[in-house]
J.: 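The following block contains the structure, expressed as structure tokens.
These figures come from a predicted structure and were not determined experimentally.
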Amino acid sequence: MLLALLAGSVLLAIAAGAQDSEIQRARDELAASSKAYRNVVAFRDKLSYVVTAPGSEQETKTEEYAFGPEGSTMVKNALLQAVAVNSKLYLTQSDALERYVAVPYDGDFGGTLRRVAGNGSLFEPPPLALHSGEGVDACIEALRFNLLDPLRIVGFQQVAGNKSEIRFVASNGALTLIIDSRTHFFAAVSFQVRPPGAGQESLVRVNGTFSPEKLSGSEEPIDFTPGSRSAVNSLTDLTSSRLAIGSPAPDFELETLDGRKIALRDQRGSVVVLDFWATWCVPCWKALKETQSIADWASAEKLPVKVFAVNSLEQGPDTKEKLERVRRFWKSQGLTMPTLVDGESKVFKAYESPGLPSVVLISSSGTIFRYHEGLFPEMLETLKREVRESLSNKKVESRNRLYVPFS
């Protein structure tokens, strides 16, 4: 028995030593990448990725970034673009054409971006963290992509094609990073994530590839030109042209998960909060927690506020399968506010396909009061403030001007 125990202890020690060795090799590889990115004066890259999950759309998404001399930096996706140049960071939104955000910039791109844009869809690319000299740990933090819990290294190996593979785990998922061993630039990344308490069916997989390109430095420099746009201090001050503030809110009638019919026209006199979401939309998981908090707050304060989640863009072989998936997700997350089922995404389209997640505030008189696409800083407190503003700005309009039908 004693010999068996000693043998087991030796094996555990050998395994622990081997893992420690792999972790160090992984950190050494990331340190080599850091040096490679720091040694490049001008550079651009594009991360192209596909999200795969039950009910998801198979659509390739991208985030592009570039950096140049004197710390100039640019990062953009389909909705947002951030440019850091001359001690300022500028943030623009593709559907907000008249304004831009301008804040002081001290060289910490990731920190400044998080303060301005929150933990939303626009993230600091991990190679950019390395180029900025933030170090290996900052790169690992950036590899969370605003979705994963804190990561730790669990494995390293050389793979075919002169590539290195580093494996990470988090409490809500796992990530694999592929690095080109010749250039030390990132080649590919894949990860999986799921919400706490949810089953395997809620697992979301993301697979992406990098397209690194060294630049000569003679290309057009990274810059920002405000033009006729005006500067604001906050992302929430960028007014989208997608849903005009003050325009009539499109009417709808949808069913809840328990079959109750909810019509917008019947909510007259109450501020209505709509949160468009899907089970496969990872940022939606965070947004739903915030809108649930709004519903709880409004109920506790006895305010005339109705909060509805609106499930849209849910894919599946049939309506029953989609409905069951939504029910299981809703139950696993302990959410109690009503969720409406927009099975054919008609309401989503009537609201000009606002993106996921998106929050629309409708005044008690039936007009669009505020519209937010994606996550944003201080989301809960911002929504509370806007609800209070809407309640204090009640206007009396005739019913036949409140809502517009759609087909």
J.: Do E29 and R25 have side chains that approach each other closer than 4.5 Å (heavy atoms only, starting at C-beta)?
T.: no
J.: Nearest 0.5 Å please: distance from the CZ atom of R114 over to the CG atom of N146.
T.: 7.5 Å
J.: I'd like to know if the side chain of Q81 and the backbone of N77 have a donor-acceptor N/O pair within less than 3.5 Å.
T.: no
J.: For E321 and R325: C-alpha separation, side-chain torsions, deciding distance, then whether salt bridge (Lys or Arg N to Asp or Glu O under 4.0 Å) applies.
T.: CA-CA 6 Å; E321 190 273 338; R325 185 194 313 133; 2.6 Å; yes
J.: Testing the 3.5 Å rule here: is there a donor-acceptor pair between the side chains of Q24 and D20?
T.: no
J.: Would you check if L340 and R260 make a side-chain contact, meaning some heavy-atom pair closer than 4.5 Å?
T.: no
J.: State, with a plain yes or no, whether a side-chain heavy atom of L391 is found less than 4.5 Å away from one of R388.
T.: no
J.: Between D258 and R327, does a salt bridge (Lys or Arg N to Asp or Glu O under 4.0 Å) hold up when you go through it step by step?
T.: CA-CA 9 Å; D258 58 6; R327 284 197 181 105; over 6 Å; no
J.: According to the interplanar angle, ranging from 0 to 90°, do the rings of F329 and W285 count as parallel (below 30°), tilted (30 to 60°) or perpendicular (above 60°)?
T.: tilted
J.: Pick one: which of Y37, F186, F210 meets ring-ring contact (aromatic ring centres under 6.0 Å, His included) with F43?
T.: Y37
J.: Would the distance check show the side chain of Y105 and the main-chain N or O of G107 forming a donor-acceptor pair, the cut-off being under 3.5 Å?
T.: yes
J.: Going from CD on E22 to CD on E165, what distance comes out if it is rounded to the nearest 0.5 angstrom?
T.: 10.0 Å
J.: Once you round to the nearest 0.5 Å, how far does CD of E381 lie from CD of E290?
T.: 9.5 Å
J.: Is the shortest heavy-atom distance from the side chain of E255 to the side chain of K261 under 4.5 Å?
T.: yes
J.: Looking just at side-chain N and O atoms, do R328 and S332 make a donor-acceptor pair shorter than 3.5 Å?
T.: no
J.: So do E373 and S240 actually touch side chain to side chain, heavy atoms under 4.5 Å?
T.: no
J.: Taking CD in E378 as the centre, count heavy atoms belonging to other residues, nucleotides or ligands within less than 6.0 Å. Is the count above 12?
T.: no
J.: With a 6.0 Å cut-off (strictly less than), is the heavy-atom count around NZ of K384, excluding the residue itself, greater than 12?
T.: yes
J.: Would you say the side-chain atoms of S181 and N162 include a donor-acceptor pair closer than 3.5 Å?
T.: no
J.: Does either side chain, that of E98 or that of T239, offer a donor lying less than 3.5 Å from an acceptor on the other one?
T.: no
J.: Any donor-acceptor pair under 3.5 Å linking the side chain of S48 with the backbone of T209?
T.: no
J.: So, does D342 use its side chain to make a donor-acceptor pair with the main chain of V310 at under 3.5 Å?
T.: no
J.: With rounding to the nearest 0.5 Å, note down the distance linking CD1 in I294 to CG in L303.
T.: 10.0 Å
J.: Look at the side chain of D223 and the backbone N and O of S72, then say whether any donor-acceptor pair between them is shorter than 3.5 Å.
T.: no
J.: Look at atom CG of D318 and say whether more than 12 heavy atoms of other residues, nucleotides or ligands are closer to it than 6.0 Å.
T.: yes
J.: Does a donor on one side chain and an acceptor on the other come within less than 3.5 Å for T291 and W277?
T.: no
J.: Step by step, would you call S56 with Q58 a side chain to side chain donor-acceptor pair (under 3.5 Å)?
T.: CA-CA 6 Å; S56 70; Q58 300 298 304; 3.3 Å; yes
J.: Is the number of heavy atoms from other residues, nucleotides or ligands under 6.0 Å of D149 CG greater than 12?
T.: yes
J.: Between atom OG of S247 and atom CD of E352, what is the distance when rounded to the nearest 0.5 Å?
T.: 9.0 Å
J.: Under a plain distance cut-off of 3.5 Å, with no hydrogens placed, do Q200 and S202 share a side-chain donor-acceptor pair?
T.: no
J.: Would one find more than 12 heavy atoms of other residues, nucleotides or ligands at under 6.0 Å from atom NZ of K289?
T.: yes
J.: Between R44 and E219, is a salt bridge (Lys or Arg N to Asp or Glu O under 4.0 Å) present by the stated rule, with each step listed?
T.: CA-CA 11 Å; R44 67 182 168 210; E219 294 80 8; 5.8 Å; no
J.: What are the two closest non-hydrogen atoms of A309 and L288, and how far apart are they?
T.: CB-CD2, 3.9 Å
J.: How about H372 and L383: do any of their side-chain heavy atoms sit closer than 4.5 Å?
T.: yes
J.: Rounded to the nearest 0.5 Å, how far does CD of Q157 lie from NZ of K163?
T.: 14.0 Å
J.: Under 4.5 Å between any side-chain heavy atoms of L151 and F191, yes or no?
T.: no
J.: Can any side-chain N or O of D237 pair as donor or acceptor with the backbone N or O of V232 at less than 3.5 Å?
T.: no
J.: Got F224 and T92 here, is their nearest side-chain heavy-atom distance under 4.5 Å?
T.: yes
